[in-house]
Amino acid sequence: MNLLTTVMIITAALSTILAIVSFWLPQMNPDQEKLSPYECGFDPLGSARLPFSLRFFLVAILFLLFDLEIVLLLPLPWSNQLLSPLLTFSWAAAVLILLTLGLVYEWLQGGLEWAE
């Protein structure tokens, strides 16, 4: 067997095993709250003008911003096959430094503290 066939068989077997385990493992005990169409923490029948915590949305946006770092750095291991891998690594280092400085700034400003 060649490498491609082996990888395809392993991928198919692993996917099948994970799909079967995901249907077998979870314990489903639905109650009235879980069967509700809204699970955001707000009462769906109440007033739509209730105040909400802006800090929650700030933390969510920060999570998305720093999670984007993973997507930008995923192709980095294959960049050593490019014509100029040093340029690619320097751009990746620049992205990491910029995001690290942003994280330090948010930390010093108190944007990562959940409770005041």
Under 3.5 Å, which donor-acceptor pairs link side chains of residues 7-19 to any protein atom two or more places apart or in another chain?
from: Thr11; atom 1: OG1; to: Val7; atom 2: O; distance (Å): 2.7
from: Ser15; atom 1: OG; to: Thr11; atom 2: O; distance (Å): 2.8
from: Thr16; atom 1: OG1; to: Ala12; atom 2: O; distance (Å): 2.8

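- Ile97 pairs with exactly one of Thr100, Val95, Leu101 by the side chain to side chain contact (heavy atoms under 4.5 Å, CB included) rule, that one being Leu101.
- In this structure, Leu96 belongs to a hydrophobic cluster whose other members, linked by side-chain heavy atoms under 4.5 Å apart, are Leu73, Leu76, Phe89.
- Closest heavy-atom contact between Ser79 and Pro85: O-CB, 3.4 Å.
- Chaining together hydrophobic side chains whose heavy atoms lie under 4.5 Å apart leaves Tyr105 on its own.
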